Amino acid sequence: MNIVILDGFTSNPGDLSWKALEELGNVTVYERTKACETIARAAEADIILTNKVVLGKEEIAQLPRLQYIGVLATGYNVVDIQEAHQRGIIVTNVPAYSTESVAQMVFAHLLTLTNRTEHYAIQNRKGRWTSSQDFCYWDTPLTELAGKTFGIVGLGHIGSRVAQIALAFGMKVRALTSKAADALPEGIEKVDLNELLASSDILSLHCPLTDNTYHLINSETLALMKPTAIIINTGRGPLVDDKAVAEALEQKALAAYCADVLTEEPPKDNPLLSLSNAYITPHIAWATTEARTRLVQVAIDNVCAFANGHPQNVV
């Protein structure tokens, strides 16, 4: 079998190994693949692994040898699933590999705002503390999380883990979820969207991107929130109207926006990048060594299961 990895660099920039795949066939790894290169590089592939390289109807139709597509992520919108199914092509993903890492990033962002540890570390490298007249100093507000209301949109694997951590901090957790109220873990209150927006001191987004959730956060929903509120988005960029959030931040109608995802990646002219109360990280919540190790291992296991006639994690 010919196995082609179209964009292996982000998942495995060299610190992990694809060696187990070599026992199954000829393996070709490309760090990155432009759209115009996809067909030529995948023409002889029986198996393709892709992260962000699109395999739409047009691409799949030009790959008659293709039997299997392994998505190196949980989301699989880069593949035309219907076209793949019609042609008998198995498509798999890697579910829930990054739950702990993404939940950790939520609170890395939140603690950046409430405790400002990096700010003070930088100040102290410049001698600020050594020149202080007192045993301590602070020049930013410092905020305790206990007692604050933590709102969550979506209680899947990641949203549920975030809820557990928020409860451990002593926060009141409210959620917008399709799950029944009496099925929720102790300490989590089910509310509707308007109530969630109005009551949340922190709002964290963990729902899928659908027609109903596209621009869930927009000028109208932002108007329902406290001007002291913080929004954290480690879900999908288009859950949020970036322009509307930027305007709210500039007008002090929102205290801060923390995001690991944006509508366009990499961003070009996004107004959030230049705002002092927007904290943007470059889509790295999933990229801890531990999470990437799980990702690569499950992706390889998926290929092995397919080769043995028992495909797993099929979408």
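Just so it is clear, the structure is predicted and the values come from calculations on it, not from any experiment.
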Should the pair [X]-[Y] be classified as a salt bridge under the 4.0 Å nitrogen-to-oxygen rule?
X: Arg292; Y: Asp15; value: yes
X: Asp7; Y: Lys52; value: no
X: Arg294; Y: Glu290; value: no

Residues Tyr120, Leu142; criterion side chain to side chain contact (heavy atoms under 4.5 Å, CB included); working and verdict: CA-CA 12 Å; Tyr120 290 104; Leu142 300 173; 4.2 Å; yes
Look only at the side chain of [X] and the backbone of [Y], and say whether a donor-acceptor pair between them is shorter than 3.5 Å.
X: Gln62; Y: Glu59; value: no
X: Asp46; Y: Asn2; value: yes
X: Thr177; Y: Lys179; value: yes
X: Asn308; Y: His310; value: no
X: Thr50; Y: Val53; value: yes
X: Thr210; Y: Thr213; value: yes
X: His109; Y: Tyr257; value: no
X: Asn270; Y: Pro267; value: no
X: Glu195; Y: Asp192; value: no

Single-linkage hydrophobic cluster [X]~[Y], side-chain heavy atoms < 4.5 angstrom:
X: Val162; Y: Val173; result: yes
X: Leu275; Y: Leu262; result: yes
X: Ile300; Y: Ile3; result: yes
X: Val79; Y: Val94; result: no
X: Val245; Y: Leu205; result: yes

Looking only at heavy atoms, which two atoms of [X] and [Y] are closest? And how far apart?
X: Val296; Y: Ser11; answer: CG2-O, 4.3 Å
X: Ile217; Y: Thr221; answer: CA-OG1, 3.3 Å
X: Ala255; Y: Asn277; answer: O-CB, 3.4 Å
X: Tyr68; Y: Ile89; answer: N-CG2, 3.8 Å
X: Met1; Y: Ala307; answer: CE-CB, 4.0 Å
X: Ser200; Y: Ala229; answer: O-CB, 3.7 Å

Lys243: salt bridge (charged side-chain N to carboxylate O under 4.0 Å, His left out) partners, not counting sequence neighbours: none
Hey, could you give me the [atom1]/[atom2] distance between [X] and [Y], rounded to the nearest 0.5 Å?
X: Leu239; Y: Asp241; atom1: CG; atom2: CG; result: 11.5 Å
X: Asn115; Y: Thr143; atom1: CG; atom2: OG1; result: 8.0 Å
X: Glu144; Y: Phe169; atom1: CD; atom2: CZ; result: 11.0 Å
X: Arg116; Y: Glu118; atom1: CZ; atom2: CD; result: 9.0 Å
X: Ile5; Y: Glu31; atom1: CD1; atom2: CD; result: 11.5 Å
X: Thr228; Y: Lys252; atom1: OG1; atom2: NZ; result: 13.5 Å

Give the C-alpha distance, both sets of side-chain angles, the deciding distance and a yes or no for side chain to side chain donor-acceptor pair (under 3.5 Å) between Asn93 and Asn313. CA-CA 6 Å; Asn93 72 338; Asn313 294 320; 5.7 Å; no
Without hydrogens or angle criteria, can the side chains of [X] and [Y] be said to hold a donor-acceptor pair below 3.5 Å?
X: Asn124; Y: Tyr137; value: yes
X: Thr33; Y: Arg41; value: yes
X: Thr117; Y: His119; value: no

Are the side chains of [X] and [Y] in touch, meaning some heavy atoms are under 4.5 Å apart?
X: Tyr97; Y: Thr74; answer: yes
X: Leu55; Y: Val78; answer: no
X: Leu49; Y: Leu6; answer: no
X: Cys258; Y: Leu113; answer: yes
X: Ile47; Y: Leu21; answer: no

Counting neighbours of CD on Glu58 that are heavy atoms of other residues, nucleotides or ligands and sit closer than 6.0 Å, is the number greater than 12? no
Is it true that atom CD of Glu247 has more than 12 heavy atoms of other residues, nucleotides or ligands lying nearer than 6.0 Å? yes
So, applying side chain to side chain donor-acceptor pair (under 3.5 Å) with Ser199, which one of Arg174, Glu189, Lys226 is it? Arg174
Result for side chain to side chain donor-acceptor pair (under 3.5 Å) between Thr281 and one of Thr234, Asp260, Thr112 points to Asp260
For Ile48, the option from Val91, Val71, Leu63, Thr38 that meets side-chain contact (heavy atoms from CB on, under 4.5 Å): Leu63
Only one of Thr114, Ile230, Asp201 passes side-chain contact (heavy atoms from CB on, under 4.5 Å) with Lys148, and that residue is Asp201
Would you please test Val29 and Trp18 for side chain to side chain contact (heavy atoms under 4.5 Å, CB included) and show each step? CA-CA 9 Å; Val29 181; Trp18 300 110; 3.9 Å; yes
Run the side chain to side chain contact (heavy atoms under 4.5 Å, CB included) test on Val240 and Asp242 for me, step by step, so that the C-alpha distance in whole Å, both residues' side-chain angles and the decisive distance to 0.1 Å come before the verdict. CA-CA 6 Å; Val240 168; Asp242 294 342; 3.9 Å; yes
Could you tell me how the ring of Phe107 sits relative to the ring of Phe150: parallel (under 30°), tilted (30 to 60°) or perpendicular (over 60°)? parallel
When you look at Asp139 and Arg128, which way does the salt bridge (Lys or Arg N to Asp or Glu O under 4.0 Å) test go after all the steps? CA-CA 11 Å; Asp139 54 12; Arg128 176 79 182 273; 2.8 Å; yes
Go through the steps to decide whether Asn302 and Gln312 satisfy the test side chain to side chain donor-acceptor pair (under 3.5 Å), and finish with yes or no. CA-CA 6 Å; Asn302 286 348; Gln312 62 181 21; 3.0 Å; yes
Report the C-alpha separation of Leu110 and Leu145 in whole Å, then their side-chain angles, then the decisive distance to 0.1 Å, and conclude whether the side chain to side chain contact (heavy atoms under 4.5 Å, CB included) test is met. CA-CA 9 Å; Leu110 183 54; Leu145 293 177; 3.8 Å; yes
